[in-house]
**Q** 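Got a structure for you, written out below as structure tokens; questions coming shortly.
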Amino acid sequence: MIDTPPAPLRVVLLGATGTIGRATAAALVARGHQVVCLVRPKPGVDPRRGLPAGAEVRACEVTDPAALASEGFRGERFDALVTCLASRTGAPQDAWAIDHAASLAALKAAQAAGASRVVVLSAICVQRPLLAFQQAKLAFEAEVIASGLTYSIVRPTAFFKSLSGQVARVQAGKPFLLFGDGRLTACKPISDADLGAYLAECLTDLLLQNRILPIGGPGPAITPREQGEWLFQRLGIEPKFRQVPVAMMDAIIAGLSLAGKLVPKLAAKAEFAKIGRYYATESMLVWNPKTGRYDADATPETGTETLFDFYERLIRGEASVDLGEHAAF
Ligand SMILES: NC(=O)c1ccc[n+]([C@@H]2O[C@H](COP(=O)([O-])OP(=O)(O)OC[C@H]3O[C@@H](n4cnc5c(N)ncnc54)[C@H](OP(=O)(O)O)[C@@H]3O)[C@@H](O)[C@H]2O)c1
């Protein structure tokens, strides 16, 4: 039997200038799809912003449904929407504007353009929603499922960039910071390229369709303490950890929340502190409601690159971490 590759699709990609969006753009182009990236117009900035030559880039204000139609979809036909659009701050208002409202407007525009498939970058943390941005994502997920389109809702575990902030600290001889004893949480980190490939595969792999897909990188699951231990050993430095009690974060959140009732800026800071506390205490693994625990074995894996492969590349200067402007995630 001759194995024919799937036919190329005409795909609208949102969030292409983000960490995972970039990797997804590359993966879609590599699979031969015709990719149109709708990117935020920025005065004096080339809209292409380093996106792959094989992708078409259109400057378009995705928060404006009229611009989405006239400058984005332009009355053309598309087969699929892939969205990696996400609030860069996670602040409640921005999350509802981007992760929900703009994403929903794009879903409707894609449907009007004839699209029959949608692939959504979500997050594994929405399974235990305590934060505003998680509620916004869940509300959009529900709209996607109700849309009648063939959908893949991808809920990844932790990204490498979110776990790499302490490499330079340790190289500079500073202690590795831990919440509690550093064993409160674990995750199966996933690389940008492995996640981009997985999102692209969702367009054509029937097994990945009409499903909510929690997904991690290659196991085993690792704790923050193990990340620190690996770094100290690799760098030949005597391990030095500084433990931050979770109770201290709770006190900060309580103080900021109270002050936030009077000063809105402090309410926003309280939300960021809550986001920090969430990731300090919740594992990025599949949650088992029956046992009331996170389950590493039940967390599916994809790809090949491990976090420690990435740390190795960072240490050798072969990779860098781009957190982007004001990035919270
Ligand atoms: N970090 C983690 O460990 C982790 C793990 C699992 C899931 N997640 C989820 O993954 C998502 C973050 O992915 P990422 O790191 O790839 O995102 P990112 O790098 O922050 O990129 C966000 C994308 O959305 C666009 N965007 C944001 N606000 C916009 C606006 N107002 N108008 C137009 N475009 C806008 C950005 O455009 P610009 O370039 O113009 O800003 C960018 O293309 C979040 O939803 C997070 O919950 C994160």
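Atoms within each ligand, like the ligands themselves, are counted from 1 in listed order. Predicted, not measured: the structure shown is a model, and the values here were computed from it.
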**Q** Identify, by atom number and element, the atoms of ligand 1 in contact range of R49, meaning under 4.0 Å from any of its heavy atoms.
**A**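 Once the distances to R49 are compared, the set is 38 (P), 39 (O), 40 (O).
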**Q** If you measure from each non-hydrogen atom of V62 to ligand 1, which part falls under 4.0 Å: side chain, backbone, both or neither?
**A**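 The answer is the side chain of V62.
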**Q** Does ligand 1 come near enough to D94 that some N or O of the ligand is less than 3.5 Å from an N or O of the residue?
**A**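 Between D94 and ligand 1, no N or O pair is found under 3.5 Å apart.
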**Q** Does ligand 1 have any atom that is closer than 4.0 Å to a heavy atom of Q134?
**A** no
**Q** Given R155, E61, R88, identify the one with the heavy atom nearest to atom 18 (P) of ligand 1.
**A** R88
**Q** In terms of atom number and element, which parts of ligand 1 are under 4.0 angstrom from non-hydrogen atoms of K161?
**A**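 Listed by number with element: 14 (P), 15 (O), 19 (O).
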**Q** Got a donor-acceptor contact below 3.5 angstrom from the Q166 side chain to the G228 backbone?
**A**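 No.
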**Q** List every atom of ligand 1 that sits less than 4.0 Å from any heavy atom of K42, numbering the atoms from 1 in the order shown and giving each element.
**A**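 What qualifies from ligand 1 is 38 (P), 40 (O), 41 (O).
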**Q** Look at atom 13 (O) of ligand 1 and find which of F159, F160, F133 reaches it with the closest heavy atom.
**A** F159
**Q** Which value, rounded to the nearest 0.5 Å, describes the distance between L314 atom CG and F308 atom CZ?
**A**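 With rounding to 0.5 Å, CG (L314) is 12.5 Å from CZ (F308).
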**Q** For atom 21 (O) of ligand 1, which candidate among S122, P47, G18 provides the closest heavy atom?
**A** G18
**Q** Measuring from atom CG of L207 to atom SG of C202, what distance do you get when rounded to the nearest 0.5 angstrom?
**A**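 It is 10.5 Å, given to the nearest 0.5 Å.
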**Q** Is the shortest side-chain N to carboxylate O distance from D79 to R117 below 4.0 Å?
**A** no
**Q** Just how far is it from atom NZ of K274 to atom CG of L130, taken to the nearest 0.5 Å?
**A** 10.0 Å
**Q** Which part of S162 is near ligand 1, with near meaning a heavy atom under 4.0 Å away: side chain, backbone, both or neither?
**A** side chain
**Q** Can we say R316 and E312 salt-bridge, meaning some charged N sits less than 4.0 Å from an Asp/Glu carboxylate O?
**A** yes
**Q** Can you tell me how far the CD atom of E301 sits from the OG1 atom of T157, to the nearest 0.5 Å?
**A** 9.5 Å
**Q** Closer than 4.0 angstrom: is that true for some heavy atom of M284 and an atom of ligand 1?
**A** no
**Q** Output the distance between atom CG (L163) and atom CG (L307), rounded to the nearest 0.5 Å.
**A**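 So the gap between those two atoms works out to 5.5 Å.
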**Q** At a non-hydrogen distance cut-off of under 4.0 Å, which region of I98 contacts ligand 1 (side chain, backbone, both, or neither)?
**A** side chain
**Q** For ligand 1, which atoms sit closer than 4.0 Å to a heavy atom of I20?
**A**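 Ligand 1 atoms under the 4.0 Å threshold to I20: 16 (O).
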**Q** Working to the nearest 0.5 angstrom, can you tell me the gap between R277 CZ and F179 CZ?
**A**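 Reported to 0.5 Å precision, the distance equals 10.0 Å.
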**Q** List every atom of ligand 1 that sits less than 4.0 Å from any heavy atom of L85, numbering the atoms from 1 in the order shown and giving each element.
**A** 24 (O), 25 (C), 26 (N), 34 (N), 35 (C)
**Q** Answer side chain, backbone, both or neither: which part of T157 comes under 4.0 Å from ligand 1, heavy atoms only.
**A** backbone
**Q** Assess whether a salt bridge exists between R183 and D181, defined as any Lys/Arg side-chain N lying under 4.0 Å from an Asp/Glu carboxylate O.
**A** yes
